[in-house]
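Side-chain atoms are counted along with the backbone in the values below, which use heavy atoms only and exclude waters and symmetry mates. Naming convention: chains lettered A, B, ... in sequence-line order (proteins, then strands); numbering from 1 in each chain.
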There are 2 protein chains.
Amino acid sequence: MRGRNQRKPVAPPGISDAEWKVMNVFWDRGPSTLREVVESLESGSDWKPRTVQTLIRRLVTKGALSVEELGREFRYTPVFSQADCQLDESRSFLGRVFDGRLVPFLAGMVESEKIPQEEIEALRRLLDEAEKRQSPSE
Amino acid sequence: MRGRNQRKPVAPPGISDAEWKVMNVFWDRGPSTLREVVESLESGSDWKPRTVQTLIRRLVTKGALSVEELGREFRYTPVFSQADCQLDESRSFLGRVFDGRLVPFLAGMVESEKIPQEEIEALRRLLDEAEKRQSPSE
DNA sequence: ATCCATAGATTACAAACGTAATCCATGAGG
DNA sequence: CCTCATGGATTACGTTTGTAATCTATGGAT
């Protein structure tokens with residue numbers, strides 16, 4: 001069991017709903033042991049520690065977490081950045097539900113959710129930046 | 001707290017990946033028979049007709065499609081609007097992946113995808129509208 | 001030295017999913 | 001009338017997911 005899954009696949013693996021909750025803890029805390037994750041999850045989920053362990057193990061198998069021995073426990077570390085996985089999910093979501101198109105997605109959101117004013121402004125700033133980056137002042 | 005809530009049977013049921021492809025056909029075409037759906041899917045999937053039939057049946061069981069007899073075939077009709085289901089999925093996606101926050105989602109998108117200029121403008125217009133709708137006249 | 005809490009490994013087990021095949025009835029074609 | 005393609009119903013079957021329990025080894029407490 002020395003250095004079992006250490007090579008990094010090129011793409012983030014499919015991460016399920018429950019697994020996302022676990023990965024989010026790792027991305028928040030960085031490398032962590034099972035116990036640390038269980039504690040972090042105590043507020044916000046009613047999973048038994050065994051359940052968390054199962055999810056972690058599956059994430060290791062999938063190549064989403066790497067393992068390193070740390071005394072008698074293991075310490076797990078995310079293999080992919082949160083941003084990479086988020087992007088991956090975003091693409092797959094948009095593809096599945098909105099035929100890959102961003103505009104209808106945002107249209108639905110602003111139409112049905114109340115977006116607070118500051119958020120609207122933040123979104124606008126994002127668009128400004130994107131525009132600048134893409135047409136570099138010419 | 002009014003708003004126009006429609007009394008559909010319930011809320012849109014969970015629709016799986018494969019099922020979305022089928023539902024999208026119904027939303028495009030309106031009420032359709034199995035054969036029509038199979039034909040519509042011919043380009044863009046390599047599913048056997050049986051597979052499509054299974055997916056349709058599951059969607060009926062889930063309450064996402066209603067059935068009506070039409071000669072010796074059945075005609076299936078979406079029970080929920082595409083917009084309702086899209087909204088449902090959007091919320092669940094944002095919750096799972098972005099802690100429910102829209103801004104980081106869009107940040108990731110504009111940072112990693114090249115959004116065409118017209119889309120940026122369309123998105124901006126959406127924000128303008130949202131703003132107007134939410135502060136009718138301050 | 002003994003016993004327990006706990007970690008990891010193994011096993012469980014049903015529901016949902018992807019992807020059909022088989023069985024049965026029937027309308028269309030010969 | 002007999003045959004066949006096709007629709008619906010039933011059945012299939014491996015995989016993934018959610019949610020753990022049991023088994024085994026061991027470091028810490030007594």
Side-chain angles (χ1 to χ4, degrees), chain A residues 1-5 12-25 31-42 44-77 85 89 92-93 95-97, chain B residues 12-26 31-42 44-77 88-89 92-93 95-97:
Chain A
M1 27 208 45
R2 193 108 305 264
R4 265 170 314 186
N5 339 355
I15 294 173
S16 83
D17 210 58
E19 288 162 0
W20 263 94
K21 290 190 191 156
V22 173
M23 287 304 289
N24 281 331
V25 174
S32 312
T33 64
L34 166 62
R35 198 162 28 74
E36 290 166 338
V37 174
V38 167
E39 275 161 24
S40 278
L41 282 170
E42 221 131 73
S45 97
D46 48 358
W47 284 331
K48 304 289 177 298
R50 301 284 95 163
T51 302
V52 179
Q53 196 182 25
T54 297
L55 292 170
I56 288 179
R57 191 176 32 72
R58 285 180 184 169
L59 286 163
V60 170
T61 302
K62 284 184 179 183
L65 290 176
S66 65
V67 204
E68 138 201 38
E69 251 177 290
L70 178 76
R72 82 186 211 77
E73 304 177 33
F74 286 162
R75 183 162 55 187
Y76 307 92
T77 307
C85 292
E89 282 284 321
S92 123
F93 159 73
R96 179 164 33 100
V97 176
Chain B
I15 294 173
S16 82
D17 211 56
E19 287 161 2
W20 264 95
K21 290 190 190 156
V22 173
M23 288 304 290
N24 281 330
V25 173
F26 282 106
S32 311
T33 64
L34 165 62
R35 198 164 29 74
E36 291 166 339
V37 174
V38 167
E39 275 161 23
S40 280
L41 283 170
E42 219 131 74
S45 95
D46 48 358
W47 284 331
K48 304 288 178 296
R50 301 283 96 165
T51 302
V52 180
Q53 197 183 25
T54 297
L55 291 170
I56 288 179
R57 191 176 31 72
R58 285 182 184 167
L59 285 163
V60 170
T61 303
K62 283 184 179 184
L65 291 175
S66 65
V67 204
E68 139 202 35
E69 249 175 293
L70 178 74
R72 80 185 213 80
E73 305 178 33
F74 288 164
R75 183 161 54 184
Y76 308 92
T77 307
D88 207 58
E89 282 284 322
S92 123
F93 159 73
R96 177 162 35 97
V97 176

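- Considering only the side chain of A:Asp17, D:dG18 comes nearest among D:dG7, D:dG18, D:dT19.
- In this structure, A:Val22 and A:Trp47 have side chains that are in contact, with non-hydrogen atoms separated by less than 4.5 Å.
- The side chain of B:Lys21 contributes no N or O atom lying less than 4.0 Å from OP1 or OP2 of C:dC17.
- Between A:Arg35 and the phosphate of C:dA7, there is a side-chain N or O to OP1/OP2 separation shorter than 4.0 Å.
- The CD-P distance, from A:Glu19 to D:dG18, rounds to 6 Å in whole Å.
- Rounded to a whole Å, the CZ atom of B:Phe74 is 15 Å from the P atom of C:dA25.
- Straight-line distance from the CD atom of A:Glu73 to the P atom of C:dA5: 17 Å, rounded to whole Å.
- Taking 4.0 angstrom as the limit, A:Tyr76 places none of its side-chain polar atoms (N or O) nearer than this to OP1 or OP2 of C:dA7.
- Atom CD in B:Gln53 sits about 16 Å away from atom P in C:dC24, given to the nearest Å.
- Between A:Pro13 and A:Gly63, the shortest heavy-atom distance links the atoms CG-C, 4.5 Å.
- Computed from coordinates, the A:Leu55 CG to C:dG8 C1' distance equals 15 Å when rounded to whole Å.
- Taking every heavy atom of both residues into account, B:Lys62 and B:Ile15 meet most closely at NZ-CA, 4.2 Å.
- Closest to the side chain of B:Arg57, out of D:dT10, C:dA12, C:dC17, is D:dT10.
- If you check distances only, the side chain of B:Arg58 does reach the base of C:dT19 with a donor-acceptor pair under 3.5 Å.
- Residues B:Lys48 and A:Thr33 each lie close to DNA chain C; by heavy-atom proximity, the contact nearer the 5' end of the strand is made by A:Thr33.
- For C:dG8, the base has a donor-acceptor partner in the side chain of A:Arg50 [N/O atoms by modelled type, under 3.5 angstrom].
- Aromatic ring pairs are classed by plane angle as parallel below 30°, tilted from 30° to 60° and perpendicular above 60°; the pair A:Phe93 and B:Phe93 is parallel.
- Contact of B:Ser16 with C:dA16 (side chain to base): no donor-acceptor pair of N or O atoms is detected under 3.5 Å.
- Here C:dG8 presents its P atom at 10 Å from CD of A:Glu69, a figure rounded to the nearest Å.
- Considering only the side chain of A:Arg72, C:dT6 comes nearest among C:dT6, D:dA20, C:dT19.
- Straight-line distance from the CD atom of A:Glu68 to the P atom of C:dA7: 17 Å, rounded to whole Å.
- The residues A:Arg35 and A:Glu73 are annotated as salt-bridged, a charged nitrogen and a carboxylate oxygen being separated by less than 4.0 angstrom.
- Distance from the side chain of A:Lys62 is smallest for D:dT17 among the nucleotides D:dT19, D:dG7, D:dT17.
- Atoms CG (B:Leu41) and P (C:dG18) sit 14 Å apart, rounded to a whole Å.
- In this structure, A:Trp47 does not reach the D:dG18 phosphate: none of its side-chain N or O atoms is under 4.0 Å from OP1 or OP2.
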